[in-house]
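As structure tokens, the structure follows; a few thoughts come after it.
These numbers come from a predicted model, not from an experiment. All chains are named by letter (A, B, ...) in the order of the sequence lines, taking the proteins before the strands, and each is independently numbered beginning at 1.
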Amino acid sequence: MDEKYFPEEIEKKWQQRWDETGAFEVRTDDPRPKFYSLEMLPYPSGFLHMGHVRNYSIGDALAWYKRLQGFNVLHPIGWDSFGQPAEQAAIKRGVNPLVWTEENIGHMRGQLRRLGISYDWSREIAAHRPDYYKWDQWFFLKMFERNLAYKRVSPVNWCPNEETVLSNEQSSGGVCWRCGAAVEKRDLEQWFFRTTDYAEQLVQDMVQIESGWPEKVLKRQRDWVGRSEGAYLDFAVKGSNKKIRVFTTRIDTIFGATAIVLAVDHPLVAELLSGSDLKRDVDAFADKVAKSRSSRGQLAEEEKEGINTGVIAINPFSGENVPVWVANYVLTEYGTGAVMSVPAHDERDFEFAQKYSLPIRQVIAPITHSQMKAEPSLVVGTDQSAVMTRSFTDYGVLINSGDWSGRLSQDAIPEMTRQAEQQGFGAAAVTYRIRDWGVSRQRFWGAPVPIIYCDKCGTVPVPYDQLPVVLPATADFTGVGESPLAGVPEFVNTTCPNCSAPARRDTDTMDTFVDSSWYFFRYCDPRNDAMPFDPAIASAWIPVDQYIGGDSHAVMHLIYTRFWTKFMRDLGLIYFDEPVKKLLTQGMVTNRVEGTDEWKAMSKSLGNGVDPDEMIAAFGADATRLFVLFAAPVENELRWSETGTEGAVRFLRRVYTLVWRWQVRFAGAAEEYSLPPGEKLSGGARALRRKTHQTIARLTGDLEQLRLNTSIAGLMELLNELADFNADPDTAGAADAFVVKEALEALVLMLTPFAPHVAEEMWEGLGHHGGLLQARWPQADPELARREELEIPVQVNGKLRSRVLASPNISEDELRAAALADDKVRGFTEGHQIVKVIIVPQRLVNVVVR
RNA sequence: GCCGGAGUGGCGAAAUUGGUAUACGCACCAGACUCAAAAUCUGGCGAGGUCAAACUCAUGUCGGUUCGAGUCCGACCUCCGGCACCA
């Protein structure tokens with residue numbers, strides 16, 4: 001130890017030592033219990049930002065804490081290194097994507113090491129390397145074999161700016177998730193994974209993780225899967241043998257159906273109208289709708305429009321004739337692309353009916369008090385002349401519904417569904433909003449789709465022994481048109497694995513979310529060249545005990561990885577359903593935007609970024625990390641503050657100086673540091689001991705819940721108590737020195753998760769050799785943590801009036817007597833009748849008077 | 001519009017889940033050290049009130065339950081997120 005705290009030297013020293021000894025490398029056959037601490041792997045943009053620092057500091061704190069508790073901790077890192085920016089660099093600046101990516105990784109790896117995050121670097125992986133993406137391709141082939149990967153022409157979301165296909169998730173809100181450009185539609189042949197096959201499991205299995213995942217994330221996933229229970233119903237078309245199938249969740253409103261409405265590209269539209277005069281009008285209308293959809297993502301804001309086709313359908317329940325319309329507000333992709341329109345009880349149908357003067361027939365009446373209050377115009381048995389001013393969408397009691405009138409919605413729904421089934425015109429049904437995952441990208445910098453097209457044999461999977469399908473070293477990066485791979489003849493031209501005739505490779509690459517769906521399985525067995533991972537090894541580590549990342553991945557990545565896990569389970573690679581036990585979605589790191597009062601996520605374009613390297617240079621990695629963890633609860637937004645970081649340095653320096661002052665005594669004398677039996681401690685020493693043990697208990701609880709900010713506050717309190725104790729190392733007696741040593745050791749050990757370098761340095765200074773990896777988290781003695789004397793507040797009628805001193809084992813009677821005898825309390829009770837005295841043992845006395 | 005979450009000092013935030021509101025830190029103020037500054041150390045720091053105290057009022061607003069409410073219940077206001085024609 002140096003006399004002064006020089007973070008740079010200490011950090012360099014310990015980083016080097018950790019590196020040389022491979023300190024954080026772990027083995028799967030270690031007998032200790034395992035713990036898997038995982039942070040979302042970074043995209044190698046070239047530079048770490050403060051969000052990364054926060055993410056990895058949280059994960060590292062947990063990893064160190066668990067190590068000190070005796071766990072075998074897997075804490076790996078890798079690179080999500082396929083994706084657009086590398087290709088953009090190639091297009092704009094002519095840099096080779098591989099060179100660009102490897103350079104970025106090199107720089108960021110250096111930054112992570114300077115931060116001193118305790119990773120097992122021997123397990124580092126990168127998605128763009130053939131030994132990784134080989135397994136993306138392997139999984140693709142497995143999907144293909146099981147009919148979970150299929151190809152179809154489909155209108156895809158197309159970003160005109162980046163000229164690439166976007167998934168539904170990536171284009172939510174009608175804008176590109178990365179660049180914000182308005183999304184268009186295009187028809188392309190695309191590969192899809194059947195995520196819809198797993199829709200039900202994705203919802204059902206949430207019960208397995210709901211205790212460990214934020215409710216917010218689960219809710220978004222539930223919404224995303226969009227499970228909806230209802231029924232299919234077939235409406236016969238008059239004068240034809242065709243039927244129109246609709247999906248509804250409100251079969252109980254069917255007597256109020258006054259139209260059938262089809263989506264513009266519903267297949268029946270063309271059939272029903274062939275030869276009709278209206279066909280041209282409807283086609284023109286369909287074109288118009290398609291155009292306006294591609295230019296604007298905001299469907300909800302569009303005015304409802306439709307055309308009456310003149311076709312008549314028959315309501316299977318009432319036998320009534322209803323007109324068939326085509327309209328822009330019905331979605332092709334959801335349900336059956338056709339709905340029964342019930343204006344009285346559906347907002348959208350109501351709006352549509354008003355515009356086209358369709359009849360609005362009430363068939364559900366409100367029954368509860370709050371419904372009545374909200375809908376004064378609607379009453380049971382209302383006459384048909386009553387005018388509805390808006391739709392009534394609650395459940396209620398059926399009216400004007402033939403034999404069903406008088407039934408409750410809740411009862412009518414299952415019974416009407418049963419009748420529809422029995423009579424053969426309907427069935428109970430569950431629909432989902434989730435769609436299949438489009439994985440094709442017309443991109444160079446991704447894992448090539450391992451498929452070959454042969455004129456004779458058609459679509460042929462690349463044989464497993466020919467994997468990986470390696471990306472060519474380079475291509476023409478024009479940034480426009482089809483995939484760059486299509487312009488590389490050596491890549492495209494191949495022979496058919498079946499018949500050896502000349503054939504062509506698929507020129508698309510896979511979505512990068514494929515890479516990130518299973519990467520943390522690969523960490524467990526990163527150099528396996530026979531399989532993506534050994535099932536036994538992966539099962540020894542996974543499920544991940546704690547996963548940490550931004551909540552921007554609440555739906556995309558975190559749904560895909562759950563899907564992938566279930567798929568791997570069905571392949572027989574693993575036997576569990578869910579990959580992640582506990583999830584933490586950390587808050588953003590924000591900074592003030594210069595010249596404004598706004599706090600926004602740090603970004604280059606706003607000019608409010610903070611460079612982690614500069615922080616490390618100015619304050620040290622330990623102080624930077626400590627501040628980031630202390631400044632706010634992990635899930636909150638963190639507002640950047642430089643003075644806050646100075647405060648963190650101040651704290652570390654105070655601890656360091658104290659250790660320095662005492663280490664001479666601890667290292668020099670051959671004193672035995674145990675408390676001599678029967679030795680009486682001074683009041684101050686007892687208080688310090690108590691604080692030490694209270695702090696241990698507090699931190700142990702807080703860290704389990706990742707309450708890092710309060711943990712650090714606890715350490716600061718302990719330091720303050722140590723400073724107040726103010727014993728002199730040169731003259732302190734053995735008992736005082738023992739108490740100080742106990743406090744300092746606990747402080748240093750518990751500081752390790754937040755500031756590991758300086759903790760190592762101080763731990764060594766306190767005379768321990770072998771480093772913190774040999775050390776153990778301190779144990780709290782509950783007996784010592786307990787107060788020996790309590791200052792118990794005394795209230796009169798709930799207002800604090802005084803305090804009395806009492807020992808913790810004082811009886812209730814004694815406490816009551818002491819409280820009532822207190823001068824101040826007597827001042828407030830005099831002249832009143834004491835009704836009762838409430839005593840919360842060891843806590844409080846409340847005297848109730850009248 | 002619908003669904004979540006949150007409102008506590010000048011600021012980030014605590015409060016063992018109904019029991020001393022404002023821990024810890026930042027900023028600020030005063031003092032010590034210094035020729036001076038920085039650093040460091042000591043003290044102060046919700047509002048009103050007073051020489052000082054007593055005391056009063058304060059956890060978005062209004063009401064309720066309770067001996068006692070930041071915490072529970074009801075209504076409302078504001079802010080932040082998510083979803084948005086999903087039948």
Side-chain angles (χ1 to χ4, degrees), chain A residues 172-174 214-220 222-224 226-228 230 246-251 253 261 297-304 327-331 333-342 345-349 351-352 393 431-435 551 554-555 588 626-627 630-633 635-648 650-651 653-654 657 694 697-698 701-702 707 709-720 723 790-803 824 827 835-840 842-850:
Chain A
S172 68
E215 182 49 42
K216 189 168 71 165
V217 173
L218 293 174
K219 190 197 173 297
R220 283 182 65 185
R222 217 173 274 125
D223 287 352
W224 189 252
R227 184 181 196 278
S228 179
V246 303
F247 175 74
T248 180
T249 55
R250 292 298 303 274
I251 192 172
T253 65
V261 185
Q298 304 294 60
L299 295 176
E301 285 164 22
E302 236 165 293
E303 197 183 340
K304 293 184 176 31
N328 62 351
Y329 76 96
V330 176
L331 302 171
E333 321 82 66
Y334 184 78
T336 61
V339 302
M340 63 179 202
S341 177
V342 186
H345 306 291
D346 181 278
E347 269 176 52
R348 296 149 300 179
D349 295 337
E351 197 185 321
F352 189 69
T393 57
T431 60
Y432 303 90
R433 201 192 305 197
I434 193 172
R435 324 255 171 86
D551 71 357
V555 280
M588 279 195 306
L626 186 78
F627 168 69
F630 173 63
E635 65 277 3
N636 281 24
E637 173 187 333
L638 189 159
R639 299 187 162 193
W640 187 254
S641 148
E642 204 139 301
T643 54
T645 316
E646 284 164 22
R650 213 152 26 224
F651 167 67
R653 192 158 36 220
R654 284 178 68 204
T657 307
Q694 282 172 343
R698 174 176 172 183
D702 280 0
R707 293 159 51 115
N709 57 327
T710 52
S711 295
I712 294 167
L715 295 178
M716 290 172 167
E717 285 184 40
L718 178 57
L719 172 66
N720 290 343
L790 300 170
E791 212 180 38
I792 294 181
V794 182
Q795 303 176 341
V796 178
N797 283 354
K799 288 206 163 151
L800 177 67
R801 295 303 182 189
S802 183
R803 276 156 217 210
K824 278 193 186 160
V835 180
K836 58 177 162 176
V837 180
I838 290 148
I839 295 179
V840 183
Q842 302 191 21
R843 265 279 159 79
L844 166 136
V845 178
N846 187 10
V847 182
V848 185
V849 300
R850 207 168 26 212

Parallel, tilted or perpendicular: which fits the ring planes of A:Y334 and A:F247, with parallel below 30° and perpendicular above 60°? perpendicular

Less than 4.0 angstrom between a side-chain N/O of A:N636 and OP1 or OP2 of B:rA13, yes or no? yes

Which nucleotides of RNA chain B pair, in dot-bracket form (Watson-Crick or G-U under 3.5 Å, | meaning another strand): (((((((..(((......[....))).(((((.......))))).(((......)))..(((((..]....))))))))))))....

Between A:R639 and B:rC11, is there a side-chain N or O to OP1/OP2 distance below 4.0 Å? no

Between atom CZ of A:F627 and atom CZ of A:F651, what is the distance when rounded to the nearest 0.5 Å? 14.5 Å

Is any side-chain N or O of A:R843 under 3.5 Å from a base N or O of B:rU20, one able to act as donor and the other as acceptor? no

How close or far is atom P of B:rA87 from atom OH of A:Y432, stated in whole angstroms? 13 Å

I want to check one thing: is the phosphate of B:rA14, taken as OP1 and OP2, less than 4.0 Å away from some side-chain N or O of A:N709? yes

Partners passing salt bridge (charged side-chain N to carboxylate O under 4.0 Å, His left out) against A:R220 (at least two apart in sequence or in another chain): none

Any A:Y329 side-chain N or O less than 4.0 Å from OP1/OP2 of B:rA87: no

Short side-chain N/O contact to B:rC24 OP1/OP2 from A:T710, under 4.0 Å: no

More than 12 foreign heavy atoms under 6.0 Å from CD of A:E637: is that the case here? yes

Between A:M716 and A:F630, is there a side-chain heavy-atom distance shorter than 4.5 Å? yes

Examine A:K304 relative to A:Y329 and say whether NZ or CZ is less than 6.0 Å from the centre of the six-membered ring and inside a 45° cone about the ring axis. yes

Quick check: any donor-acceptor pair below 3.5 Å linking the side-chain of A:Q795 to the base of B:rG19? yes

